[in-house]
Amino acid sequence: MTGEYSRSGSHGASLMEFLLLWADELDDAIAAARHLTPRILGVLAAIGSLAAAAFALMPAPRLLLGALALALAATVMQLVRRRRTPFGPHRGAS
């Protein structure tokens, strides 16, 4: 029967196209979130560490500053030890 009114008509086709585009955009957003998750978690960990340090500075500033100085000194000493070798840098050493 030609010329009969169909419920799906052009409205149904545009709705289906909208849903397919929406699903494609959702899939792209999920893929981007998966790709960026390590960076997002790194930023959240850094913010959490900063907040914890600020919170710990209030009740015990000397203890925290001493611990931070010790950690910084250990890091610097480790970097110096890795870069300095008795006869210069070795080839192939990392």
Side-chain angles (χ1 to χ4, degrees):
M1 297 213 205
T2 59
E4 184 177 326
Y5 176 74
S6 169
R7 285 185 182 227
S8 61
S10 65
H11 176 69
S14 64
L15 177 64
M16 182 60 72
E17 183 179 358
F18 169 77
L19 290 175
L20 287 172
L21 288 172
W22 182 80
D24 185 48
E25 293 293 327
L26 180 63
D27 182 51
D28 292 345
I30 291 171
R34 269 192 202 148
H35 178 71
L36 295 174
T37 297
R39 288 184 181 183
I40 293 170
L41 292 177
V43 167
L44 291 177
I47 291 172
S49 298
L50 183 63
F55 183 74
L57 255 169
M58 291 180 197
R62 289 184 181 160
L63 181 65
L64 180 67
L65 290 176
L68 288 175
L70 182 65
L72 181 63
T75 303
V76 168
M77 292 300 293
Q78 185 70 15
L79 285 173
V80 168
R81 187 181 69 80
R82 281 186 186 174
R83 291 179 190 257
R84 187 175 45 173
T85 59
F87 301 104
H90 294 286
R91 294 180 189 237
S94 50

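Linking Ile, Leu, Val, Met, Phe, Trp and Tyr whenever their side-chain heavy atoms come within less than 4.5 Å leaves W22 and L15 in two separate clusters.
From L20, atom CG reaches atom CG of D24 across 8.5 Å, with rounding to the nearest 0.5 Å. The CG atom of L21 sits 12.5 Å away from the CG atom of L26 when rounded to the nearest 0.5 Å. A distance of 11.5 Å separates CZ in R39 from OG1 in T37, rounded to the nearest 0.5 Å. A distance of 13.0 Å separates CZ of R34 from CD1 of I40, quoted to the nearest 0.5 Å.
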